[in-house]
Each structure stands twice: as C-alpha cells, then as structure tokens.
Amino acid sequence: MDEFRIDSHKLMYHVPRVNKWLEGDNIYPVYMEVSPIGACNHRCTYCALDYMEYQPRQLDPVMLKERLSELGRLGIKSIMYAGEGEPFLHKHSGEIINHTKKSGIDVAITSNGVLFTEKLIESCLASITWIKISFNAGTKETYAKIHRTSEADFDKVLDNIRTAVKFRKQANLSSTIGMQMILLPENTSEAVLLAQKAKEAGADYLVIKSYSQHLKSLTTQYKDFDYNQYMHLSDQLQKISDKDFKVIFRKNAMKKLQEKRSYEKCLALPFWSYIDSGGGVWGCSAYLGDERFLFGNINENTFEEIWNGEKRKKVMEFVAKGLDTTECRVNCRMDEINRYLWELKHPSLHVNFI
C-alpha cells in the first residue's frame, strides 16, 4: 500500500552514488531539506523545533536562487522545503519553488497548508513533485488545540486541498497531494474520521506516523507515548483506502521506537544535508544549533566550497569516530538509510545466495 515507500527508504534507486560512496569518493547529496523562513503561523504542541524559537529570519531569494542553480549543477536530486517554520510564509516561496524545478531539482513541501492559497497553487503546483500537509485531527476543536491556532484554519486548509486537487486535474499535473497526522493521545480517536475527510477532500494519501522526541525540544509531553495499544488502527484505516486514496499507517516506524539500533555509526550524512533559515548548512537536522554539526553558511560561501571545506571534513571525522549514536534521536530522518548502508558495509555470510 505504501507505493511511495514513506515508511522505508529509496536509496536503492541511486546505486551509482552509493557505489561511489562505497569506493570512498566524496559525493554530493541526493536529497536536501531547506528552511526558507524561521517564522511559523502555528505553535503545534508536538513541534520538534520549538527550541529554535520561530525566529523571523529568512533566506535571501536572490542568493538562494544562485545556490539552487549551483545545487542543480552538482547533481542534487531533490529538496524538501520545510524546517523551523512554515515555508509558505516566505513571500518569495512560489518563485523559489519554480526556480528549484528549473534547476533540475525535484521539489517537495511540508506545510500546515493555511497559506497554500489558490494564487500560490496556480503559480507553482506544476513545479511541486509532492506536498504533504500537516493536519493532526479529525475535528476542528482538537485541531485548534494541537496546532494551537484558530478553529477556522481547519476548514481553510481542507478547502485549500480541494482547490489544489481541482487545479491539478484542470492543468493535467502529476503533483502528489498528501496529508499527515502525528498520532498523539489527543487525536487517536479521530484518526479514522480524518482519513474519511482526507479522502473526501481528494488527497492522494494520509500518513499516520509516530511522535519522535527531538534531542533539544522544549516539548517533552509525548516522549513516553506507547504506540503498541494503537496498532489496531491500521486495520480500521486500511478499509478506507482504495485505488485513488491510501492510508499509510507507519507501523514500521512505531515498532522501531522500542527496538535497539541495528547500526553503530551514522553513515547517512554524505547523502543529505540541511540548510536552516539563516543559511547554515548542517550535517544533521537532529543537531541544529550544535556547532559540531555545522558545515558552513551559504551566505558566506558556495555550497561546493562548504561541502568540500575543512569544517565539513572535521564534522565527518567526528561523526565517524566520536559520535555515540545511542544518544541520537530515535527514528531520525536517516534511520532507514543508516540501516541499509550499515548492512552494505557489514553483509551477512550468505549474501551470495540471492
């Protein structure tokens, strides 16, 4: 049911780059995350990056477009705009998205969807490979409590999704329009209702995922939430799925919360990177603000200079020799990639018996 491999990974589709990495070559990322702006119009109870304080800083669009053209030339395949804030709060978000696509880079957006207006949809949906709307309740009352916003945003976002679906059909576009709910104590009873609403709005899928405690988050109220008692929701939700709409219940990620890591070192950092709203280039988004993981800043240097610079070299040496992964965020963004790469580096005795 998970055709987009949301509960897994896709690095096996990038064999040439993986082979170069296995041979010890310095490779550029396949995928990047970029935070165009630090401000946000919601204050979600589960926000992992609340400690970043929603600073109203933003990336300069002229500088960013120069870097995006460079990233395309370097072979970066995809960028997801998300990060510390709401990406559509950046006044130049539409032109940034379009320029990203023109640079040969696939575009994804993670947004709360409030500002995903008809004007923005018509101007840049054609450049978006997928957009995932964070929508964490089936009723406007619970939605307002979790997102810490007005109840009016509930209907506004659903209307925006319907508008996007309608425009996609009219313009004959292939953009995927999805929704995502983080399963929390407050919304477990509304997961099925939300799936029904997502289907009615015309979304392509609804992801139901687990909360993962960020290392630096001010929020800690969900850190001990037990997902085992909610696994039965998977069967209920699958009944709503059909050929046009899928519910992706991330069982694999939920189960891993109780598992010991199967790898001893983080190997994934060469394949991705994160740019914050101040231009900082980081090795890992779980360590934003920790200078040990800062490569440089795109306001001061090109990405190529940063990626091949001494600072990144020292970060990578630290990750290889000094980082204790038992202290890392559980189910981090690169967890599945790390499992895959660790197995490539440490194959079992019987791998030739395919």
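Judged by distance alone, the side chains of Tyr211 and Gln221 never bring a donor and an acceptor atom under 3.5 Å apart. No donor-acceptor contact under 3.5 angstrom links the side chains of Glu264 and Thr325, judged on distance only. Neither side chain, Tyr31 nor Asp106, offers a donor N or O lying under 3.5 Å from an acceptor on the other. There is a side-chain donor-acceptor pair under 3.5 Å between Thr139 and Glu190.
For the salt bridge (Lys or Arg N to Asp or Glu O under 4.0 Å) with Lys199, the qualifying choice from Asp244, Asp204, Asp242 is Asp242, the only one to do so.
The cationic atom of Arg17 (NZ for Lys, CZ for Arg) does not lie both less than 6.0 Å from the six-membered ring centre of Phe271 and within 45° of the ring axis.
Taking the six-membered ring where tryptophan is involved, the planes of His350 and Phe353 are perpendicular, since the angle between them exceeds 60° and thus also 30°. Tyr51 and His214 have tilted rings, their planes meeting at an angle from 30° to 60° on a 0 to 90° scale.
Between Asp155 and Lys140 there is a salt bridge, since at least one side-chain N of the basic residue sits less than 4.0 Å from a carboxylate O of the acidic one. Taking 4.0 Å as the cut-off between side-chain N and carboxylate O, Asp335 and Arg339 count as a salt-bridged pair. In summary, Lys256 and Glu336 engage in a salt bridge, as defined by a charged side-chain N under 4.0 Å from a carboxylate O.
The ring of Phe293 has its center closer than 6.0 angstrom to the ring center of Phe318. Less than 6.0 angstrom separates the ring centroid of Phe225 from the ring centroid of Tyr230. In summary, the aromatic rings of Phe154 and Tyr143 are positioned with their centroids under 6.0 Å apart.
Here CG of Asn112 is found 10.0 Å from NZ of Lys156. Values are rounded to the nearest 0.5 Å. Atom CG of residue Asp2 and atom CZ of residue Arg250 lie 8.0 Å apart, to the nearest 0.5 angstrom. Summarising the geometry, atom CE belonging to Met32 is positioned 13.5 Å from atom CH2 belonging to Trp282; distances are rounded to the nearest 0.5 Å. In this structure, Gln58 CD and Ser35 OG are separated by 10.5 Å, a value rounded to the nearest 0.5 Å.
Within a 6.0 Å sphere centred on NZ of Lys345, heavy atoms belonging to other residues, nucleotides or ligands number more than 12.
Asn299 contributes a side-chain N or O that, together with a main-chain N or O of Gly278, makes up a donor-acceptor pair within less than 3.5 Å.
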Side chain to side chain contact (heavy atoms under 4.5 Å, CB included) between Cys328 and Arg261, intermediate numbers included: CA-CA 10 Å; Cys328 289; Arg261 276 190 175 88; 3.5 Å; yes
Side chain to side chain contact (heavy atoms under 4.5 Å, CB included) assessment of Met179 paired with Leu158: CA-CA 10 Å; Met179 298 172 68; Leu158 287 175; 4.2 Å; yes
Test log, rule side chain to side chain contact (heavy atoms under 4.5 Å, CB included), inputs Ser175 and Ile131: CA-CA 8 Å; Ser175 310; Ile131 179 167; over 6 Å; no
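Using a 4.5 Å heavy-atom cutoff, the side chains of Asn19 and Trp21 are not in contact.
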